[in-house]
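Remember, it's 1-based here, ligands and their atoms both numbered in the order they're listed.
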Amino acid sequence: MASSQAKVVSTILEKHGYQLGRYLGKGAYAIVWEAYFKKWRTNVAVKVLLKERAEAEFLSKFLPREIQIWKSLKHPNLINFYQSIETTNRVYIMLELAPRGEVMDIIRMKGACDEKTTGKWFEQLCQGMAYIHSKGVVHRDLKLENLLLDHNDNIKISDFGFCKYAAADINNFKQVQLSETYCGSYAYVPPEVLQGIPYNPFLSDVWSMGVILYTMRTGKLPFDDSNLRRLLKQMIKGPIFTQKHKAISIECKDLIHCILRGVSTRYSLHAIFDHPWMTHLVKNRPDYLQDMEVFYQPFNITKSSQRLMTVQHSNGHESFVKDIPIKSWG
Ligand code: ATP
Ligand code: MG
């Protein structure tokens, strides 16, 4: 950020009791800084969005949704939302600080995680996601760059820029709103999203969790996203393990196969918690899992029902904008 801009940010933060600190990272829409909040005597993260750089749809739809939903979520494995401040040119979002940064950076530096670390992180991801899904919310941008670490190396799910309510009736858990909005990175989205088929966003989050699990344990993404046709073919075939992966337990490989498969047989979060690789890791099995089974029902929708409008974002993300009518089960 140019120094004049940093000055403006610093002045606004000072006015609200924060002292600007070091640069933490950058996303498609935001620059993230560390700041010291004098009132709490604690360091926080401040996500600063420059409005003129963002698209109209992002400002009118995705950002208000991110703030509204994130505010309502509280869980030990989620980055806690503290406050947001809007000025004429910027939006500031104050968040719990994740001082150890992104899981992706750890894998880039050290390669594959061992079975124990993978187990700890994946179980924490499942706990956080079970909580989010139990609120009828889907994340839709799960990836290793959005999994941050606290000072004890615990997972903190972050970046709710593409989240939304996908359960039409949260109280009786009977309806799921299908999505046609393609969010996230090609490497992490399931084949049904890539094919442009209206998809169940709960099951799509689960697929992304499978990509995360494979990448944590092997150090490499399961599918090559440099060519979309090849990517789809590889996804349909399923993840591959070679001789190089012989240290990975059979149970871990099996769980990955149970997640990275077509919607009709893809595991629900409930089934993941009950998988043999998970049962020995899980101390507190969320008691609301039973009620959530209906969220993971696959759909039978023909390709002819597609009508997609593609929006190209500056970061290469594409959105198919249009939600289709609610489907329900009796
Ligand atoms: P994306 O390109 O993923 O859509 P974005 O614009 O929504 O990004 P974030 O993913 O929220 O922005 O943040 C960008 C980066 O800033 C993160 O990948 C991370 O490195 C850093 N960051 C974000 N929040 C925090 C935090 N709470 N603590 C520490 N670092 C953070
Ligand atoms: Mg991000």
Side-chain angles (χ1 to χ4, degrees), residues 1 6 9 13 18 20-37 40 42-55 57-59 61-71 73-84 90-109 124-125 128 132 138-164 181-189 205 208 211-212 215 221 225 311-319:
M1 197 194 298
V9 169
L13 289 180
Y18 296 86
L20 185 67
R22 70 184 168 122
Y23 165 87
L24 289 172
K26 195 170 176 278
Y29 302 104
I31 298 184
V32 184
W33 300 86
E34 190 168 322
Y36 179 70
F37 187 38
W40 292 350
T42 188
N43 286 330
V44 300
V46 185
K47 190 167 168 172
V48 184
L49 298 118
L50 193 58
K51 288 185 195 170
E52 66 179 31
R53 298 249 173 95
E55 292 137 37
E57 194 201 14
F58 173 78
L59 290 175
K61 183 176 166 187
F62 289 98
L63 182 61
R65 200 151 69 179
E66 174 175 14
I67 293 174
Q68 188 219 342
I69 296 180
W70 205 343
K71 244 185 212 172
L73 301 172
K74 297 260 173 295
H75 186 275
N77 297 116
L78 264 56
I79 289 285
N80 210 350
F81 178 103
Y82 295 142
Q83 184 189 5
S84 62
R90 292 178 182 76
V91 178
Y92 300 77
I93 303 177
M94 281 62 175
L95 301 165
E96 177 184 5
L97 177 69
R100 304 258 300 134
E102 298 174 16
V103 172
M104 188 66 227
D105 286 336
I106 309 266
I107 294 174
R108 268 192 209 116
M109 272 183 307
Q124 293 180 341
L125 171 64
I132 294 172
V138 287
H139 186 284
R140 300 196 301 173
D141 196 15
L142 282 178
K143 55 185 177 184
L144 285 156
E145 290 85 343
N146 288 337
L147 299 184
L148 306 179
L149 294 167
D150 72 5
H151 60 278
N152 287 323
D153 273 347
N154 292 311
I155 290 287
K156 298 274 177 177
I157 302 168
S158 180
D159 196 351
F160 288 80
F162 286 125
C163 72
K164 73 163 193 174
T181 308
Y182 167 48
C183 313
S185 312
Y186 286 125
Y188 288 87
V189 298
D205 274 351
S208 308
V211 174
I212 288 171
T215 312
L221 285 162
D225 64 347
V311 174
Q312 187 80 43
H313 289 303
S314 52
N315 63 346
H317 291 178
E318 274 183 357
S319 290

(Q) My understanding is that we take every heavy atom of each candidate and find the minimum distance to atom 6 (O) of ligand 1. Doing that for Y29, F81, F162, which one comes out nearest? (A) Y29

Q: Kindly confirm or rule out an N or O of A98 lying under 3.5 angstrom from an N or O of ligand 1.
A: yes

Q) Looking only at atom types and distance, does a side-chain atom of R140 sit under 3.5 Å from a main-chain N or O of F162, one as donor and one as acceptor? A) yes

(Q) Give the atom numbers and elements of ligand 1 that come within less than 4.0 Å of a heavy atom of K47. (A) 5 (P), 7 (O), 9 (P), 11 (O), 12 (O)

Q: Could you tell me whether K143 and D159 have a side-chain N and a carboxylate O separated by less than 4.0 Å?
A: no

Q. Under 3.5 Å, is there a donor-acceptor pair between the side chain of W70 and the main chain of I79?
A. yes

Q | Ligand-side contact atoms (ligand 1) for residue partner I79, heavy atom cut-off under 4.0 Å | A | 27 (N)

Q: May I ask you to list the atoms of ligand 1 that are less than 4.0 angstrom from any heavy atom of K143?
A: 3 (O)

Q. With distance as the sole test, does K164 use its side chain to make a donor-acceptor pair with the main-chain N or O of H139 at under 3.5 Å?
A. no

Q: Would you please name every residue forming a ring-ring contact (aromatic ring centres under 6.0 Å, His included) with Y92, sequence neighbours left out?
A: none

Q: Report the residues that fulfil side-chain hydrogen bond (donor to acceptor under 3.5 Å, both in side chains) with D225, sequence neighbours left out, ordered by chain and then residue number.
A: none

Q.
Going by the closest heavy atom to atom 21 (C) of ligand 1, which one wins out of S158, G27, A54, G25?
A. G25

Q. For ligand 1, does E145 get within less than 4.0 Å through its side chain, its backbone, both, or neither, judged by non-hydrogen atoms?
A. backbone

Q: Under 4.0 Å, heavy atoms only, figure out whether ligand 1 is touched by the backbone of E34, its side chain, both or neither.
A: neither

Q. Can L95 and V44 be said to form a side chain to side chain contact (heavy atoms under 4.5 Å, CB included), step by step?
A. CA-CA 6 Å; L95 301 165; V44 300; over 6 Å; no

Q: Give the numbers and elements of all ligand 1 atoms closer than 4.0 Å to a heavy atom of A30.
A: 6 (O)

Q) Considering only heavy atoms of A45, which atoms of ligand 1 have at least one such atom less than 4.0 Å away? A) 26 (C), 27 (N), 28 (N)

**Q.** Polar side-chain atom of N80 near backbone of E96 as donor-acceptor pair, under 3.5 Å
**A.** no

Q. Should A28 be counted as touching ligand 1, given the test is an N or O pair under 3.5 Å?
A. yes

(Q) Side chain, backbone, both or neither: which applies to K156 and ligand 1 if a contact is any heavy-atom pair less than 4.0 Å apart? (A) neither

